[in-house]
4 protein chains.
Amino acid sequence: MRKVDHDSRREDVAAAAASLIANKGLEALTTRALAKELGCSIGVLSHYFHSKEEIVIAAFRWADQRIDLRMQEAIADDSPNIESFFPVIKAGLPLDAESDLEWRVRLNLHTFALTHDTSLQAEREKNQQFRDLMTGMIAGLQNKGHVTKEVSAEDITSIAFDLVNGMAKNLVMCPFDEREQKAEYLYKLIEMLRPLPKP
Amino acid sequence: MRKVDHDSRREDVAAAAASLIANKGLEALTTRALAKELGCSIGVLSHYFHSKEEIVIAAFRWADQRIDLRMQEAIADDSPNIESFFPVIKAGLPLDAESDLEWRVRLNLHTFALTHDTSLQAEREKNQQFRDLMTGMIAGLQNKGHVTKEVSAEDITSIAFDLVNGMAKNLVMCPFDEREQKAEYLYKLIEMLRPLPKP
Amino acid sequence: MRKVDHDSRREDVAAAAASLIANKGLEALTTRALAKELGCSIGVLSHYFHSKEEIVIAAFRWADQRIDLRMQEAIADDSPNIESFFPVIKAGLPLDAESDLEWRVRLNLHTFALTHDTSLQAEREKNQQFRDLMTGMIAGLQNKGHVTKEVSAEDITSIAFDLVNGMAKNLVMCPFDEREQKAEYLYKLIEMLRPLPKP
Amino acid sequence: MRKVDHDSRREDVAAAAASLIANKGLEALTTRALAKELGCSIGVLSHYFHSKEEIVIAAFRWADQRIDLRMQEAIADDSPNIESFFPVIKAGLPLDAESDLEWRVRLNLHTFALTHDTSLQAEREKNQQFRDLMTGMIAGLQNKGHVTKEVSAEDITSIAFDLVNGMAKNLVMCPFDEREQKAEYLYKLIEMLRPLPKP
DNA sequence: TATGAATGAGTTTTCATTCAT
DNA sequence: CATGAATGAAAACTCATTCAT
């Protein structure tokens with residue numbers, strides 16, 4: 001048989017699909033366009049996916065996981081403090097071309113999920129896991145005195161979560177050269193989480 | 001007279017289209033489905049709109065404007081203070097069935113705009129207008145001592161803007177009975193805008 | 001609206017489909033070929049049928065009912081006797097071009113039903129009704145002394161039923177000019193049903 | 001040696017194809033499904049057959065010959081009489097699972113032949129041979145006084161031939177436990193072939 | 001021989017749009 | 001104005017066949 005890595009080929013397809021979704025929109029993701037983007041025949045697609053919907057889902061997962069991975073890699077494992085947040089959050093925002101593409105796909109996923117129950121369920125579960133993780137981290141920081149206890153860990157999580165989603169949506173609509181600056185206030189907000197100096 | 005009828009008919013179509021978008025997704029908005037939703041023949045649509053894209057845009061505008069209108073109506077014209085924010089923000093969030101539908105459409109619009117330049121431009125201009133308006137209002141409140149000056153009016157606007165967008169996206173994914181509670185932290189955040197009592 | 005009789009249009013489609021099935025086989029019944037046969041565009045088909053399978057079923061029913069109708073019309077209502085059988089059976093056999101087409105479709109249906117439960121069920125029910133009807137008729141003739149009681153009405157029905165099916169299959173494989181002759185023995189067989197003259 | 005392997009492999013393919021045709025229908029016989037049924041890769045098929053049509057024909061022949069073989073084996077070579085018919089006819093009907101499968105394939109073949117001239121020709125020739133053989137046998141029995149001369153050998157052959165085809169089609173549509181009983185009348189019919197006792 | 005990835009023509013199906021009534 | 005039948009381009013999907021490994 002010809003040597004091909006099935007999983008890696010699937011990922012190629014997913015990445016190409018994600019690229020189309022990001023640049024032309026979900027409705028432009030046709031099997032023809034995708035085959036062209038991949039430089040192969042349309043028949044190839046059915047080797048790796050049973051239907052177009054499967055491809056769409058794979059593209060969504062591909063982009064979603066890359067954003068998450070990017071953030072995980074930015075997490076400093078040892079002795080986290082307020083400063084640790086900055087790189088993680090930067091990693092989670094669409095500040096360069098690569099993450100811009102991924103966020104465009106993720107935003108499509110959010111809309112898609114609104115009317116696709118399975119995706120909606122998956123989305124909600126993923127969010128909940130993420131929130132639990134983050135709440136735990138913040139509570140840890142609070143206990144170590146790195147973060148103010150004036151706001152509950154849950155509320156900080158909620159703020160961060162919604163803010164990142166809202167800002168990401170906002171950023172992908174802006175030219176790249178305005179994004180860093182637009183994201184700046186977020187860092188100021190983080191600063192406000194420092195505990196007040198004890199009198 | 002005839003003009004009124006014509007416009008009101010166009011709005012009916014837009015509303016029906018919005019309903020379909022919200023409940024079934026943009027890809028489920030077909031001319032047949034729309035005619036069925038409206039209880040009329042497909043031929044009618046071409047009397048009021050030249051193409052399907054026009055209908056989509058009209059649905060987007062319809063929903064968008066209703067959210068904005070809802071917020072404007074909640075604005076207390078005279079002597080605004082921190083408390084004035086609460087009803088406005090509530091009015092701007094998808095907390096009931098009606099606003100839920102509108103937000104679902106708006107979220108579709110956001111995704112749509114990512115790959116449709118005209119809509120993107122319109123979206124950005126609208127946002128800018130809204131931000132300018134809000135920044136002005138907050139600066140006024142700051143001058144009157146109702147809002148802390150520790151954070152700039154621009155930053156408060158940015159926070160509010162992104163937060164509402166992120167939260168709205170979040171809320172439409174939740175059951176209605178969890179929404180009020182999920183939105184609660186926003187009100188706490190507003191409380192933090194109060195100026196510190198002078199020592 | 002354009003004046004069209006929906007049901008009659010459906011029948012046109014079914015008839016055209018039946019013609020294709022009879023002449024080219026079920027696998028040659030494509031939407032393209034059918035549209036061509038009908039002299040219309042492929043889109044028309046979806047106005048009258050939701051799927052190709054529906055069309056296939058309609059074609060089967062069309063042919064099936066025409067054979068049955070042909071037989072019913074040949075039934076002499078009043079005072080039936082042995083002679084009454086001849087025209088009915090002739091009407092039920094593929095002896096001319098029209099009934100040949102219908103039988104070809106019916107034979108396709110029989111094969112189709114083997115692996116399509118719904119059709120199989122329908123086929124069996126129809127057969128049972130037909131058998132019950134025929135058994136009743138024969139019993140009546142037996143009581144009136146027109147038909148021998150040496151063979152039970154049920155057995156005569158079974159013989160007739162299987163014989164007609166087998167013979168029809170046989171006849172459609174023959175040139176038309178051989179068919180009448182091939183069917184002749186059936187009439188002889190019917191003669192044997194006459195009761196023996198009482199000694 | 002190698003030739004044997006080759007032929008046996010071809011038969012495996014034909015048998016697997018026949019199984020698919022019988023259980024899922026001719027349209028379900030795809031190269032992929034066949035490879036799966038065989039437990040091998042699709043590439044194998046092209047080693048043993050040049051095209052799918054060849055495989056279909058082979059499957060038809062496989063089933064057809066097995067029915068014929070089954071009947072031949074049931075023929076009592078020496079001193080045949082009326083009783084000799086019973087086991088032959090039973091062997092020729094789809095009364096158990098094995099012959100059921102073969103008859104399902106044969107019925108597919110009959111339909112297939114309607115629109116495939118080569119198969120039709122083959123079918124007709126085979127039938128004619130069979131009829132000639134049977135007519136000869138019956139004439140022999142008539143001469144020996146085992147079978148009535150009231151009906152010509154040709155007519156008896158025709159009756160038997162059509163009856164078996166019709167009944168087979170009938171039986172494969174019934175549950176197995178009803179088949180023996182449904183076939184019973186055939187044996188009664190054979191009894192009627194006995195010559196009348198001379199007065 | 002055996003494999004199964006790749007091809008691409010062909011099929012069903014969907015759908016915005018047009019237009020005769 | 002309203003209707004919905006008709007159109008046909010374009011979509012997703014199927015599948016026999018080929019061929020590099």
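Quick caveat, the model's predicted, so the values are computed rather than measured. What you see below is based on every heavy atom in this structure, not just the backbone, and it leaves out hydrogens, waters and symmetry mates. Chain naming here is simple, since letters A, B, ... match the order of the sequence lines and numbering starts at 1 in each.
- Protein atom CZ of Arg32(A) is 15 Å distant from nucleotide atom P of dT7(E), rounded to whole Å.
- Atom CD of Glu53(B) is surrounded by 12 or fewer heavy atoms from other residues, nucleotides or ligands within 6.0 Å.
- Rounded to a whole Å, the CG atom of Leu45(C) is 10 Å from the P atom of dA6(F).
- For dC1(F), the OP1/OP2 oxygens have no side-chain nitrogen or oxygen of Arg9(B) closer than 4.0 Å.
- Nearest-nucleotide mapping onto DNA chain F: of Ser51(D) and Ile42(C), the residue sitting toward the 5' end is Ile42(C).
- Comparing Ser46(B) and Gly39(A), the nucleotide of DNA chain E nearest to each residue sits closer to the 5' end for Gly39(A).
- Both Val44(D) and Val44(A) sit near DNA chain E, but only Val44(D) has its closest nucleotide nearer the 5' end.
- Place His50(D) and His47(C) on DNA chain F by their nearest nucleotides, and His47(C) ends up nearer the 5' end.
- Base pairing of dA20(E) is made with dT3(F), judged by Watson-Crick or G-U wobble geometry with both donor-acceptor distances under 3.5 Å.
- The shortest side-chain heavy-atom distance between Arg124(A) and Leu120(A) falls under the 4.5 Å cut-off.
- Residue Leu20(C) contributes atom CG, which lies 15 Å from atom C1' of dT11(E) at whole-angstrom precision.
- dA6(E) atom C1' lies 16 Å from atom CZ of Phe49(A), rounded to whole Å.
- Computed from coordinates, the Asp12(A) CG to dA6(E) P distance equals 10 Å when rounded to whole Å.
- The residue Leu29(D) sits close only to the backbone: its heavy atoms come under 4.0 Å of sugar-phosphate atoms, none of a base.
- Note: OH (Tyr48(C)) to P (dG4(F)) measures 12 Å, nearest angstrom.
- Going from atom NZ of Lys36(B) over to atom C1' of dT3(F) covers 17 Å, rounded to whole Å.
- Remark: Arg10(B) is positioned above the aromatic ring of Phe49(B), its terminal NZ or CZ atom under 6.0 angstrom from the ring centre and at most 45 degrees off the axis.
- Taking only side-chain nitrogens and oxygens, Thr31(C) comes nearer than 4.0 Å to OP1 or OP2 of dT12(E).
- Here the closest non-hydrogen pair linking Val172(D) and Leu107(D) is CG2-CD1, 3.5 Å.
- dC15(F) atom P lies 8 Å from atom NZ of Lys52(D), rounded to whole Å.
- Among all heavy-atom pairs drawn from Leu114(B) and Arg104(A), the shortest one is O-NH1, 3.2 Å.
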